[in-house]
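Taking it in order: structure first as structure tokens, then the write-up.
Every heavy atom of this structure was used, including side-chain atoms; hydrogens, water molecules and symmetry mates were not. Residue numbering restarts at 1 for every chain, and letters A, B, ... go by the order of the sequence lines.
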There are 2 protein chains.
Amino acid sequence: MRKTSVTSYDVAKAAGVSQSAVSRAFSPGASIAEKTRQRVLDAARELGYQPNAIARSMSTARQEPSQKSGMVGIVVTRLEDPFFAHAIANFSRHLQARGWHMLLFTVDSSAEVDEALNSLMQYRIDGVIILSAILSDHMAQVCRAQGTPVMLYNRDTKGLEVSAVGIANHEGGRLAADILLEAGHERIAFVGGDAGDETSREREAGFVQRLAEAGLTPFQRESGDYTFVSGREAGLRLFARHGRPDAVFCASDVMALGILHAARFDLGLRVPLDFSLIGFDDIPAAAWPGHQLTTIRQPIRRMIREAVSILAEAMEAPGEPPHTRLFPGTLILRDTVRGMGTASLSPDGQ
Amino acid sequence: MRKTSVTSYDVAKAAGVSQSAVSRAFSPGASIAEKTRQRVLDAARELGYQPNAIARSMSTARQEPSQKSGMVGIVVTRLEDPFFAHAIANFSRHLQARGWHMLLFTVDSSAEVDEALNSLMQYRIDGVIILSAILSDHMAQVCRAQGTPVMLYNRDTKGLEVSAVGIANHEGGRLAADILLEAGHERIAFVGGDAGDETSREREAGFVQRLAEAGLTPFQRESGDYTFVSGREAGLRLFARHGRPDAVFCASDVMALGILHAARFDLGLRVPLDFSLIGFDDIPAAAWPGHQLTTIRQPIRRMIREAVSILAEAMEAPGEPPHTRLFPGTLILRDTVRGMGTASLSPDGQ
DNA sequence: TCTGTATATGAATGCGCATTCATTAGCATG
DNA sequence: CATGCTAATGAATGCGCATTCATATACAGA
């Protein structure tokens, strides 16, 4: 394991050709005789040669439209969250299928995004996907200046010159209100993320708007940090007071499940007999037999396919204006809304 | 956004120094006057200069012990699985804290690991972590030849010259059997991953061994693919037959929760009254109020810290022999084993 | 056989940086 | 003031590859 790895020169020598020929043998579409290519490939196999991607991207740095590093940066918060874990898994598959690698950076808050981006950009990533966080105005300009396309997933562009794919949060909030209203509820609470969270605010806004149209205002309001534990705590607070809500819309399934468990198992309440509950996202656990959580589904497979597709286009044709695409959420009726669902009459675990 | 980014030459010109000086200004410990360094840093800030990590690693390729690319490869299967999502999140934090970036590659089966490694190694990663999968003998040698340390997480080395961090599966299996035996069970079933899965086999072996010591053999055996759905199906099969087991040890919490939900909500069984259940891993959902799953905990924070630490050492001092570290699992008594637990008398959701 | 065109090939070059080597400046001592 | 030393600096170099440019070769048509 002494000296470094095999280079194209070694292969060239072994195959009796020039280094250029070796490079051509590994470049699809290059001008090289089939016979020569075979000879090179054989020698390469013999020596265990693997082109050095780092050197390649150094070299291609000159050419304009070429793939630069082959890496896409990913900035993500809360990777533990099933919602993000699924997203990353999906992104990974799509990106890999198109020949890109993922350079992953996790951050603890939106405040760290710029720093993460800086760090990532030193690797000359060909593009970057930011999940549920937003970059600064300044950093957006830096990215543009570097020609690095940015894709915001699950976040609004807020006027920045970047692409975005997300869910129609406002509409989703209205949808949730619709069904709760239709079920005849009147004391409807909302549980969201912290006040700074755009996504949660949009869902709340749509929800509140629809309630207002029915002459109602939210009965109560709690918030958490998108974890099960914080949902559980919010649930405990919600039902500790005197006048209880008779329905809850929660801006995230994970927290909604926290509320559900708190209500059923900490407090002994019955859902949907004592109150109705609706979540957002439709994570897998929402469909578990013991949960059967009614929720607003995000079509994440389609969303991610679209996000990768838009980003790929931007990476291949730099200079194009950014695209934004919003997907509608779908109501998934299960068993946590009174009178509405697939099995409202069956036992719900109480 | 025309020509490419700012280089060290641009900064040199702006600061009125040579390119070497710029490089030194960014290299801790280099011989440069403080005054000069400040001048360079000012100019760099002015121009928005960021050192090019790709070029840097090209350049440092010559020096022996130096950090090469600053990237660590990660190969993972089933990123959707909460167990892995947590692991990746943890790895990410530790690696970042030490200044490394993660180049992530997801694979669908162990068969693809070699291919993934090849792909990753083209980026001259400084090391690689493989989660719950194993590389081939041949590829292990290639990694050694390239001086790329390999860390197997959650997998045995099987004699390969690589490092590993994992849980004592055999002991864990025994532990599970211990508690079930102590609770007085006699018709004890096992649910594992598919037959090819090492982890599952080891847990089963320990479990079966301990049962044998008590004069018992497993009452029944089912397997799944580590998803909730497959656990649920296994549960359905388990209790569809005539003679039911009175206890189940499941090699993974995710599947155990599938069994739990199937039993309670599909079949109306009571846990632990009708049967006891014990899982493995201690994922967060195991502790949810409605689950309270008794399980064998993996100390994943410590395990991951240790894995990163071992890998870091190997990356910094190449040529050192690999290390393997096995952690013991801990029994977490909750409410799914009859007569043993924190609240065996409280309602369990039935 | 000669010319013209298409195709293959090798030599040379540069991507952006860290480092080595040679030189110079700065400073203390005799 | 000369000498010896250290610290700071710039010029030059190469990491491994893709590409350009200039040749060389093959082959068709006249």
**Asked** Counting side-chain heavy atoms from C-beta on, which of dA18(D), dG10(D), dA18(C) comes nearest to S18(B)?
**Response** dG10(D)

**Item:** Any side-chain donor near an acceptor of the partner, T199(A) and R155(A), under 3.5 Å
**Value:** yes

**Asked** Which whole-number value in Å describes the distance from K68(A) NZ to dG16(C) P?
**Response** 12 Å

**Message:** Without decimals, in angstroms, what is the distance between N52(A) CG and dG16(D) C1'?
**Reply:** 6 Å

**Prompt:** Would one find a side-chain N or O of Y123(A) under 4.0 angstrom from OP1 or OP2 of dG16(C)?
**Reply:** no

**Rounded interatomic separation in angstrom, taking CZ from R56(A) and C1' from dC15(D)** = 16 Å

**Message:** Measure OH/Y49(A) against P/dG16(D) and give the value in whole Å, please.
**Reply:** 10 Å

**Message:** Before you tell me yes or no, could you show the steps for I310(A) and V165(A) under side-chain contact (heavy atoms from CB on, under 4.5 Å), namely the whole-Å CA-CA distance, both residues' side-chain angles and the distance that decides it to 0.1 Å?
**Reply:** CA-CA 9 Å; I310(A) 290 176; V165(A) 162; 4.1 Å; yes

**Request:** For the side chain of M58(A), starting at C-beta, report the closest nucleotide among dA11(C), dG16(D), dC17(C).
**Result:** dG16(D)

**Prompt:** The side chain of S20(B) lies closest to which of these nucleotides: dC15(D), dG16(D), dT19(C)?
**Reply:** dT19(C)

**Prompt:** Under the salt bridge (charged side-chain N to carboxylate O under 4.0 Å, His left out) test, which residues partner E198(B), sequence neighbours left out?
**Reply:** K158(B), R201(B)

**Message:** Output the rounded distance in Å from NZ (K35(B)) to C1' (dA7(D)).
**Reply:** 14 Å

**Prompt:** Please give, in whole Å, the distance from dG16(D) P to I54(B) CD1?
**Reply:** 15 Å

**Complete:** S31(B) has its side chain closest, among dC17(D), dT9(D), dT9(C), to dT9(D)

**Request:** Please report, rounded to the nearest Å, how far the P atom of dT20(D) is from the CD atom of Q19(A).
**Result:** 14 Å

**Message:** Under 6.0 Å between ring centres: does that hold for F91(A) and Y153(A)?
**Reply:** yes

**Asked** Can you find a side-chain donor-acceptor pair between S57(B) and S69(B) that sits under 3.5 Å?
**Response** no

**Message:** Over the length of the helix from dT1(C)-dA30(D) to dG30(C)-dC1(D), how much do the five-pair end axes diverge, rounded to 10 degrees?
**Reply:** 40°

**Complete:** Between Y9(A) and T36(A), the residue closer to the 5' end of DNA chain C by nearest nucleotide is T36(A)

**Message:** Just N and O in the side chain of S8(A): are any of them under 4.0 Å from OP1 or OP2 of dC17(D)?
**Reply:** yes

**Asked** Among all residues two or more places apart in sequence or in another chain, which pass the side chain to side chain donor-acceptor pair (under 3.5 Å) test with D156(B)?
**Response** none

**Request:** Let me know, please, whether R124(B) or I32(B) comes out on the 5' side of the other along DNA chain D by nearest nucleotide.
**Result:** I32(B)

**Prompt:** Out of dG16(D), dC17(C), dT9(C), which has the shortest distance to the side chain of T7(A)?
**Reply:** dG16(D)

**Asked** Is K13(A) salt-bridged to D10(A), cutoff N-O under 4.0 Å?
**Response** no

**Message:** If you only use heavy atoms from C-beta on, which nucleotide in dA8(D), dT9(C), dC17(C) is closest to the side chain of A33(B)?
**Reply:** dA8(D)

**Message:** What is the distance, to the nearest angstrom, from the CG atom on D10(A) to the P atom on dC15(D)?
**Reply:** 11 Å

**Asked** How long is the span from the CD atom in E306(B) to the CZ atom in R301(B), to the nearest 0.5 Å?
**Response** 15.5 Å

**Request:** Name the nucleic acid region contacted by V17(B), choosing base, sugar-phosphate or nothing; use a 4.0 angstrom heavy-atom cut-off, strictly under.
**Result:** sugar-phosphate

**Request:** Go through dT20(D), dT20(C), dG16(C) for me and flag the one nearest to the R24(A) side chain.
**Result:** dT20(D)

